[in-house]
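The structure under discussion appears below in the form of structure tokens.
Chain A is the first sequence line, chain B the second, and so forth, proteins listed ahead of strands; every chain is numbered from 1. Hydrogens, waters and symmetry mates play no part in the numbers below; they use all other heavy atoms, side chains included.
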There are 2 protein chains.
Amino acid sequence: MARAVSETHGEILAAAARRFAVTGYRGTSLQDIAREVGCSKATVLYHFANKEALLAELMAPAIAVLQELDDRLTGLTGGAAQQVAAVGFVDLAVRFRREIALLRGEFPELLAQPAFAHIQQISERLRDAFAGHSDRPGARIAALVLLAGISEACAEFVDVPDDELRPALLALVRRAVEPVESPQPQPPTTEDKES
Amino acid sequence: MARAVSETHGEILAAAARRFAVTGYRGTSLQDIAREVGCSKATVLYHFANKEALLAELMAPAIAVLQELDDRLTGLTGGAAQQVAAVGFVDLAVRFRREIALLRGEFPELLAQPAFAHIQQISERLRDAFAGHSDRPGARIAALVLLAGISEACAEFVDVPDDELRPALLALVRRAVEPVESPQPQPPTTEDKES
DNA sequence: TGACAATCTGACCGATCGGTCAGGGTCTGA
DNA sequence: TCAGACCCTGACCGATCGGTCAGATTGTCA
């Protein structure tokens, strides 16, 4: 009954994604995943070191893109940081909304795990950039509302097509974000109309 | 060692609130709560029928206010519904942000429990009102982003004083919400362009 | 043919969970 | 004095969890 390694490996991954999306990470047991694949729990743990490794492999592509966005953000300040963070995060959230849905509401605990420690830092930098690196409480609060809200909305609207979700989120962000005073004489980037 | 019932009852409630806020509902065991109180787990279950009853009592005031907001919303349409929903929800979220923090990320599973079934319906009506009862995807998406984001921000900024959090959220909502056409002279709503 | 690695499994482990239960104190009021 | 209500507890329960392990099976290749 032994199948090619890649085959079973992929099947487990796909089954895990399906189960996680329905019952969440913690709410899904290795037994659940094994049952969905049609193998034993021991087989799941033969292909993956542990449950966390399974999640990590599932999230890897999204994390890579998040990392890349973080890189693009370094050095940017004020409105420029705000702009890149906003568009970059909306793109990321829309593209990986299945992955976001997997973690629905489990971010806090999961990010506390050492394997995802750096994600916490990245998201803090992202939030800071979203606020245009402003210290104003209003800006910081708005940044968190939008980042958290966009994540949740993407997780909720997994079935809404990209080309409907993305423009709606961008328009909302453009409306909601207060332009921050630019450090340089950053031209006021008046593309506030639709794009 | 027997204390007055109300005393222990209250101590358990307070300890549970503290633990839930740190480790979440599912992440907190009855043993944890008992340890914090300084009693046995059996004592916790003597004062509360089960773990869920403990949570229910903790959330009761917030749920009552949510229910009241829902009542105020019935019959309102368009911009009026939007206005009441926005201000009402911001007030509620700011006032009960400790309670919101308790459930951090566990809303989906908890709302699935029969004891909280009607909360799900209320929050759907609230979201609908927040969107001004509009069918436009953009409005529905924005409503979800703001509702979820406000909840998350309130949970995150438990230590920010009310009079700083509330105006910031209201200003954000005012910026972010697109005014909806009034319900009376329903024009043919040809807003197929941007927005 | 036989050695070897890869794949897979049932049985098992320790830990933890929410919850039950019989019974031991303590207080009160008839 | 004593019955009974109230408060509290340790011991225990069945279920479930993530994870381990020895060994069976299979495919490959010298």
Under-3.5 Å N/O pairs linking protein and nucleotides 16-18 of chain C:
unit_1, atom_1, unit_2, atom_2, d
C/dG18, OP1, B/Lys51, NZ, 2.7
C/dG18, OP2, B/Leu30, N, 3.0
C/dG18, N7, B/Lys41, NZ, 3.0
C/dG18, O6, B/Lys41, NZ, 3.4

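A/Tyr46 places its OH atom 16 Å from the P atom of D/dA22, with the value rounded to the nearest Å. What separates CZ of B/Phe48 from P of D/dC7 is a distance of 13 Å, to the nearest Å. Rounded to an integer number of Å, the gap from A/His9 NE2 to C/dA6 P is 16 Å.
In this structure, A/Ser40 reaches the C/dT9 phosphate: one of its side-chain N or O atoms is under 4.0 Å from OP1 or OP2. Distances shorter than 4.0 Å separate none of the side-chain N or O atoms of A/His47 from OP1 or OP2 on C/dA6.
Of the candidate nucleotides C/dC21, C/dC8, D/dC8, D/dC8 has the atom lying nearest to any side-chain atom of B/Thr8.
Pairs of residues two or more places apart, or lying in two chains, never qualify as ring-ring contact (aromatic ring centres under 6.0 Å, His included) while including a residue from residues 62-97 of chain A. Applying the ring-ring contact (aromatic ring centres under 6.0 Å, His included) definition to pairs two or more places apart or across chains, those involving residues 12-37 of chain B are B/Phe20-B/Tyr25. Listed by first and then second residue, the side-chain hydrogen bond (donor to acceptor under 3.5 Å, both in side chains) pairs involving residues 144-161 of chain A are A/Arg104-A/Glu152, A/Arg104-A/Glu156 (not counting sequence neighbours). Applying the salt bridge (charged side-chain N to carboxylate O under 4.0 Å, His left out) test to residues at least two apart or on different chains, the pairs with a partner in residues 77-97 of chain A are A/Asp91-A/Arg166, A/Arg97-A/Asp162.
For B/Arg175, the salt bridge (charged side-chain N to carboxylate O under 4.0 Å, His left out) partners are A/Glu178, not counting sequence neighbours. Among residues two or more places apart in sequence or in another chain, the side-chain contact (heavy atoms from CB on, under 4.5 Å) test is passed with B/Glu36 by B/Ala15, B/Arg18, B/Arg19. Considering only residues two or more places apart in sequence or on other chains, B/Arg125 meets the side-chain contact (heavy atoms from CB on, under 4.5 Å) condition with B/Asp70, B/Gln121, B/Ile122.
Taken over five-pair windows at either terminus, the axes of the helix from C/dT1-D/dA30 to C/dA30-D/dT1 are inclined to one another by 20° (rounded to 10 degrees).
Without hydrogens or angle criteria, B/Lys41 side chain to B/Ser29 main chain gives no donor-acceptor distance under 3.5 Å.
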